[in-house]
Number of protein chains: 2
Amino acid sequence: MPDITGLELSPKKVEYLKFLFKKGGLVRTTDISTQLQVDPSTSTKTIVDLAETGLVEHIPYRGVRLTEKGLKYAEFLVNRHNILSLMLSHYGLSAEEACQETSRFESLVSKAAIDKICTSMGHPMASVCGKIRHVSCGVP
Amino acid sequence: MPDITGLELSPKKVEYLKFLFKKGGLVRTTDISTQLQVDPSTSTKTIVDLAETGLVEHIPYRGVRLTEKGLKYAEFLVNRHNILSLMLSHYGLSAEEACQETSRFESLVSKAAIDKICTSMGHPMASVCGKIRHVSCGVP
DNA sequence: TCATATGTTTGGTATGTGACCAACATATTT
DNA sequence: AAATATGTTGGTCACATACCAAACATATGA
């Protein structure tokens, strides 16, 4: 697989993948639309889009699930979110603030930067938003 | 004017304003298109757009300049950029990396967050990208 | 098993941002 | 004032995201 830059997905698609990761298994498109507060038709379309990238498998009328590749990628996305939130929380932002703030811009932060931040923080195991798993960040 | 949230402008418009701030005075739309590497027609249109927000004054065939309001806002934008770059540089990113990375996502970071980061860093006077002026960040 | 209710997808359309090209308008230089 | 530079407008396009209405699939209960 080509290397992850961290910039391959649009903001919304990042949200979708993180949600799929958190739920795990087969997820109904309606669950997504409820969670992300969009019309069901919107979530279906986005999922069909994502399926074309090979990150998810869409079984029409049944649901969606992350592929192997998607799982790996989503893991990075969740880690990125957690690392950034943790970083912001070190500057006086509350857990909620840090998490919200991060959600707004995370899709534009490169994996290269995340790896450096993560290293510099000593590969922390936990963030304000959840555990951190160092699968793809170049931890020794 | 209502308070600055930091999220009022699109990424490109932020770039335009920062550029106008750095150049200062009356700037030709062609200067902008050269600098930002877009077609001159694109920069003209964006400027016309910005003019409608009252942040810049556009004198057709002559150039653009920041209004009072735009100057204030651009000052915040530049500070935000500098604060974020400085922050990233503390995590092992080089000056160039920090600056580039910041450019990608800065438009999505709120003023509220910046104020906290700035406070937490002790209102530094200089970043890796230039001086910082604490006009609007609530410095004592 | 058929009818219906519920859930999902498709088709059409809209908005915002940002981009380009070609044609036109203005300013500058000669 | 004509020729050349520079700047603007109009048209169109691409992409992301969104909604609605209609069509369709699946599940349920008669």
Side-chain angles (χ1 to χ4, degrees), chain A residues 5-20 23 25-66 70 73 77 100 103-109, chain B residues 5-20 23 25-66 70 73 77 100 103-109:
Chain A
T5 68
L7 308 174
E8 346 354 59
L9 294 187
S10 67
K12 272 292 162 187
K13 289 190 178 133
V14 167
E15 274 196 71
Y16 280 63
L17 244 70
K18 286 198 299 169
F19 180 66
L20 291 175
K23 275 224 90 185
L26 196 62
V27 180
R28 316 225 65 151
T29 56
T30 307
D31 274 15
I32 303 174
S33 71
T34 304
Q35 188 67 20
L36 306 194
Q37 311 213 78
V38 295
D39 191 277
S41 67
T42 302
S43 62
T44 297
K45 278 178 181 164
T46 307
I47 286 303
V48 167
D49 248 41
L50 275 172
E52 268 158 28
T53 69
L55 292 168
V56 307
E57 178 193 13
H58 180 216
I59 304 147
Y61 297 100
R62 279 280 134 74
V64 217
R65 104 177 88 229
L66 290 170
Y73 196 74
L77 296 183
Q100 271 190 19
S103 296
R104 220 178 299 110
F105 68 82
E106 58 187 345
S107 72
L108 297 167
V109 182
Chain B
T5 69
L7 309 173
E8 14 309 87
L9 293 188
S10 68
K12 272 293 161 188
K13 291 193 177 130
V14 167
E15 274 195 72
Y16 280 62
L17 244 69
K18 285 198 299 169
F19 180 66
L20 291 175
K23 276 225 89 185
L26 197 62
V27 180
R28 316 226 66 153
T29 57
T30 307
D31 274 14
I32 303 175
S33 70
T34 303
Q35 187 68 21
L36 306 193
Q37 310 212 79
V38 296
D39 192 276
S41 65
T42 302
S43 61
T44 298
K45 279 180 180 165
T46 306
I47 286 302
V48 167
D49 248 41
L50 275 172
E52 268 159 28
T53 68
L55 292 167
V56 306
E57 178 193 13
H58 180 216
I59 305 147
Y61 298 100
R62 279 279 138 76
V64 216
R65 108 178 83 231
L66 291 169
Y73 196 74
L77 296 183
Q100 271 190 20
S103 297
R104 219 177 302 108
F105 68 81
E106 58 186 344
S107 72
L108 297 166
V109 182

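In what follows, chains are A, B, ... by sequence order, proteins preceding strands, each numbered from 1.
- Applying the side-chain hydrogen bond (donor to acceptor under 3.5 Å, both in side chains) criterion to A:K23, with sequence neighbours excluded, gives A:D31.
- OP1 or OP2 of D:dT8 has at least one side-chain nitrogen or oxygen of B:T44 nearer than 4.0 Å.
- A:T29 comes within 4.0 angstrom of sugar-phosphate atoms only, judged by non-hydrogen atoms across all strands, and of no base.
- Helical stems in DNA chain C, defined as runs of 3 or more consecutive Watson-Crick or G-U wobble pairs with donor-acceptor distances under 3.5 Å: C:1-25 with D:6-30, C:27-30 with D:1-4.
- Using a 4.0 Å heavy-atom cutoff across all strands shown, B:S41 reaches at least one base atom of the nucleic acid.
- Partners of A:R104 according to the salt bridge (Lys or Arg N to Asp or Glu O under 4.0 Å) rule, which considers only residues two or more places apart in sequence or in another chain, are A:E101.
- When side chains are defined from C-beta on, A:H58 does not count as touching A:L50, because their heavy atoms never get closer than 4.5 Å.
- Judged by closest nucleotide on DNA chain D, A:K45 is the one of A:P60 and A:K45 placed further toward the 5' end.
- Between A:R28 and D:dT26, a side-chain N or O to OP1/OP2 separation shorter than 4.0 Å is absent.
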Name the atoms and distances for all side-chain donor-acceptor pairs under 3.5 Å in residues 33-42 of chain A, with sequence neighbours left out.
| residue | atom | partner | partner atom | Å |
| --- | --- | --- | --- | --- |
| A:S33 | OG | A:T30 | O | 2.9 |
| A:T34 | OG1 | A:T30 | O | 2.8 |
| A:D39 | OD1 | A:S41 | N | 2.9 |
| A:D39 | OD1 | A:S41 | OG | 2.7 |

Would you be so kind as to tabulate the donor-acceptor pairs closer than 3.5 Å made by side chains of residues 7-19 of chain A, with sequence neighbours excluded?
| residue | atom | partner | partner atom | Å |
| --- | --- | --- | --- | --- |
| A:E8 | OE1 | A:T5 | OG1 | 3.3 |
| A:E8 | OE1 | A:G6 | N | 2.7 |
| A:E8 | OE1 | A:Y73 | OH | 2.6 |
| A:E8 | OE2 | A:T5 | N | 2.8 |
| A:E8 | OE2 | A:T5 | OG1 | 3.1 |
| A:K12 | NZ | A:E15 | OE2 | 3.1 |
| A:K13 | NZ | A:D49 | OD2 | 3.0 |
| A:Y16 | OH | A:T46 | OG1 | 3.4 |
| A:K18 | NZ | A:H81 | ND1 | 3.4 |
| A:K18 | NZ | A:E106 | OE2 | 2.6 |

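- Applying the salt bridge (Lys or Arg N to Asp or Glu O under 4.0 Å) rule to B:R65 yields the partners B:E57; only residues at least two apart in sequence or on another chain are considered.
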